[in-house]
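Encoded as structure tokens, the structure appears first; notes follow it.
By convention here, the first residue in the shown sequence is residue 1.
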Amino acid sequence: MNSSTSWRRVKKRTAADGAVYVSTDGTRYRRTGKAELQAEIAFQRRVADLGYPVPRVLEEGVTDDGHFYVVEESLGDQTLHDQAVASLNAGTPPVSAVNTPEDDPEMPWSAAPTGNGRTLPDDVTDTAAQVAARLLRAQAAHAVEPTPGALRQWLDRAGFTHNVFRENPDLDTPRTRAVLDDALHRLATVPLAYGHLDYGLPNVLPAGVIDWQHHGLVPLGYDVLPALEIIAFKGGTKGYTASPAQRRRYLAVLDDAARHATGEPISQHLGAYLLVKALFFLALMRPTDPSRTDKHLKWQYRRHLFTKGLEQYEHTGTVDTALFPSLEAFAAGHRAGNHP
């Protein structure tokens with residue numbers, strides 16, 4: 001590692017048994033970890049060569065204590081989530097741009113106001129669309145030949161289906177399986193590509209996409225199409241929301257990119273992708289401590305969103321997140337006995 005560089009520690013990465021540092025001039029990030037980080041960086045180098053908008057790897061090696069380390073170029077000091085929070089909450093310090101997937105997914109939003117939130121700035125959603133289109137074009141240009149069972153493997157991995165059904169056995173029904181099978185059938189002709197699997201505004205900067213720890217094969221569009229829709233799964237706790245006009249404009253940009261890359265629009269698959277996202281947001285949610293009523297409520301909320309999305313997709317082939325209640329509204333109904 002370049003000994004002339006001074007580093008400031010940003011955060012500990014508990015799950016990765018490492019840490020994140022930023023150079024004093026803000027132009028580089030250094031991360032330490034174990035085998036998972038090494039695999040992530042190998043993948044990142046691979047997709048960088050395919051034109052994916054990812055940080056350039058400048059250096060890698062092993063520290064004196066046996067940890068793997070990597071030095072990457074900085075794509076900026078604010079993710080699009082940071083920009084949104086900073087814009088909507090003047091005077092509130094933004095969260096660091098180096099959010100990592102292993103961090104508690106609820107933590108970055110702790111400073112944001114509760115409720116349904118305010119509409120995102122247009123420049124944030126428009127930038128999100130441009131970055132997403134860049135990634136989509138790169139993915140479409142390097143589609144991967146599917147293998148038998150590849151879509152099913154994506155569903156199980158992206159939706160954490162084994163965990164969801166283990167924690168929620170009452171949801172593992174022939175009806176649920178049939179709806180998921182229908183979604184896979186509709187996606188059967190969609191090209192597969194190397195994907196992020198944890199894509200969202202906290203991982204997007206104007207110059208590219210960070211945090212590729214959970215990479216894998218995905219059907220084209222799975223990463224980028226739901227990026228504004230998944231805000232609803234947080235129930236208003238992000239402090240912002242995307243308006244219907246912003247969501248339409250975002251999808252129109254991606255459809256245009258997909259038409260140029262593949263000859264076909266892509267937004268018709270959003271419903272199937274949101275069904276998988278509903279599983280993803282329900283995974284690992286069942287509390288083990290009966291005294292944690294807050295976690296129990298959040299688990300019940302995510303169960304409600306999954307069953308609501310399942311019903312919508314079953315009847316219409318789409319999922320409309322605008323019909324999802326906020327966590328606050330759900331909690332009020334829960335207290336009144338209108339929810340389990």
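For the residue pair N168 and R286, no side-chain donor N or O sits within less than 3.5 Å of a side-chain acceptor on the partner. Side-chain contact of D198 with H196: a donor-acceptor pair under 3.5 Å is absent, judged by distance alone. For the residue pair Q246 / D126, no side-chain donor-acceptor distance below 3.5 Å is found, with atom types taken as modelled. No side-chain donor from either of W212 and N203 sits under 3.5 Å from a side-chain acceptor of the other.
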### Task
Determine, stepwise, if the pair T161 / R177 fulfils side-chain contact (heavy atoms from CB on, under 4.5 Å).
CA-CA 10 Å; T161 55; R177 296 284 183 172; 5.7 Å; no

### Query
Run the side-chain contact (heavy atoms from CB on, under 4.5 Å) check on L201 and T79 step by step: do they pass?
CA-CA 7 Å; L201 297 188; T79 66; over 6 Å; no

### Query
Do Q130 and R134 pass the side-chain contact (heavy atoms from CB on, under 4.5 Å) test, and can you show the C-alpha distance, the side-chain angles, and the key distance before you say yes or no?
CA-CA 6 Å; Q130 294 306 315; R134 286 174 59 200; 5.8 Å; no

### Verdict with reasoning, L180 to L279, per side-chain contact (heavy atoms from CB on, under 4.5 Å)
CA-CA 11 Å; L180 292 175; L279 287 165; 4.0 Å; yes

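With sequence neighbours excluded, no residue forms a side-chain hydrogen bond (donor to acceptor under 3.5 Å, both in side chains) with Q153. Every salt bridge (Lys or Arg N to Asp or Glu O under 4.0 Å) that D294 has, sequence neighbours left out, goes to R292. The ring pair (Phe, Tyr, Trp, His ring centres under 6.0 Å) check on Y273 picks up Y222, with sequence neighbours excluded. Qualifying salt bridge (Lys or Arg N to Asp or Glu O under 4.0 Å) partners for D320, counting only residues two or more places apart in sequence or in other chains: R247. Scored by the ring pair (Phe, Tyr, Trp, His ring centres under 6.0 Å) test, H215 finds F43 as partners (sequence neighbours excluded). For R46, there are no salt bridge (Lys or Arg N to Asp or Glu O under 4.0 Å) partners two or more places apart in sequence or in a different chain. Residues passing the side-chain hydrogen bond (donor to acceptor under 3.5 Å, both in side chains) test with W154: none are found, sequence neighbours excluded. For E314, the salt bridge (Lys or Arg N to Asp or Glu O under 4.0 Å) partners at least two apart in sequence or on another chain are R175. For T307, the side-chain hydrogen bond (donor to acceptor under 3.5 Å, both in side chains) test picks out no residue, with sequence neighbours left out. When the side-chain hydrogen bond (donor to acceptor under 3.5 Å, both in side chains) test is applied to T316, the partners found at least two apart in sequence or on another chain are T318. Among residues two or more places apart in sequence or in another chain, the ring pair (Phe, Tyr, Trp, His ring centres under 6.0 Å) test is passed with Y250 by none.
A salt bridge is absent between R30 and E72; no separation between the charged side-chain nitrogens and carboxylate oxygens falls under 4.0 Å. Ionic pairing of D172 and R166 is not present here: no N-O contact between side-chain nitrogen and carboxylate oxygen is shorter than 4.0 angstrom. Remark: R45 engages E60 in a salt bridge, criterion side-chain N to carboxylate O under 4.0 Å.
Side-chain N or O atoms of S74 include none that pairs as donor or acceptor with a backbone N or O of Y29 at under 3.5 Å. Put simply, the side chain of E73 gets close to the backbone of R56: a donor and an acceptor are under 3.5 Å apart. The closest donor-acceptor contact from the side chain of S23 to the backbone of R28 lies under 3.5 Å. A donor-acceptor pair under 3.5 Å is absent between the side-chain atoms of S87 and the main chain of Q83, judged by distance alone. Remark: side-chain polar atoms of E167 are not paired, donor with acceptor, to backbone N or O of A283 under 3.5 angstrom. Between the T32 side chain and the H67 main chain, no donor and acceptor come within less than 3.5 Å of each other. A distance-only check finds no donor-acceptor pair linking the side chain of E36 to the backbone of G33 [under 3.5 Å]. The main-chain N or O of I266 is found under 3.5 Å from a side-chain atom of D255 such that the two form a donor-acceptor pair.
The side-chain heavy atoms of L151 and V190, taken from C-beta on, include no pair separated by under 4.5 Å. Using a 4.5 Å cut-off on side-chain heavy atoms (C-beta onward), P202 and K238 make contact. Taking 4.5 Å as the limit, some side-chain heavy atom of W7 sits within range of a side-chain heavy atom of V71. Inter-residue side-chain proximity for F280 and L275 is flagged as unmet; no heavy-atom pair is nearer than 4.5 Å. Taking the side chain as every heavy atom from C-beta outward, D123 and P121 approach each other to under 4.5 Å. The side-chain heavy atoms of T176 and F165, taken from C-beta on, include a pair separated by under 4.5 Å. Within the 4.5 Å cutoff, side-chain heavy atoms of H296 are placed close to those of W299. Counting heavy atoms from C-beta outward, L187 and H269 have side chains that approach closer than 4.5 Å.
In this structure, CG on L136 lies 10.5 Å from CG on D256, to the nearest 0.5 angstrom. Atom CG of residue L225 and atom OG of residue S267 lie 7.0 Å apart, to the nearest 0.5 angstrom.
None of H214, Q213, R31 except one satisfies the side chain to side chain donor-acceptor pair (under 3.5 Å) rule with E40; the exception is R31.
In terms of heavy atoms, G200 sits closest to I230 at CA-CD1, 4.4 Å. Contact detail for A150 and L192: the closest heavy-atom pair is CB-CD1, 3.6 Å. Of all the heavy atoms in V209 and L75, the pair that sits closest is N-CD1, 3.9 Å. Listed here is the closest heavy atom pair of L197 and A158: CD2-CB, 3.8 Å. Residues F233 and A278 come closest through the heavy atom pair CE2-CA, 3.6 Å. L88 and G239 make their closest contact through CD1-O, 4.0 Å (heavy atoms, listed as atom of the first residue, atom of the second, distance).
At most 12 heavy atoms of other shown residues, nucleotides or ligands fall within 6.0 angstrom of atom CD in E264. Within a 6.0 Å radius of CG in D64, no more than 12 heavy atoms belonging to other residues, nucleotides or ligands are found.
The distance between the ring centers of F324 and F330 does not fall below 6.0 angstrom.
For residues 178-188, every residue pair satisfying the salt bridge (Lys or Arg N to Asp or Glu O under 4.0 Å) rule, not counting sequence neighbours, is listed here: R152-D181, D182-R186.
Both Y199 and V144 belong to a single network of hydrophobic side chains, linked directly or stepwise wherever heavy atoms of I, L, V, M, F, W or Y lie under 4.5 Å apart. By the criterion of side-chain heavy atoms lying less than 4.5 angstrom apart, applied directly or through intervening Ile, Leu, Val, Met, Phe, Trp or Tyr residues, L50 is grouped together with V54 in one hydrophobic cluster. Note on V131: it does not cluster hydrophobically with V253, by side-chain heavy-atom contacts below 4.5 Å among ILVMFWY residues. Hydrophobic clustering, with ILVMFWY side chains joined whenever heavy atoms are under 4.5 angstrom apart, keeps V62 apart from V70.
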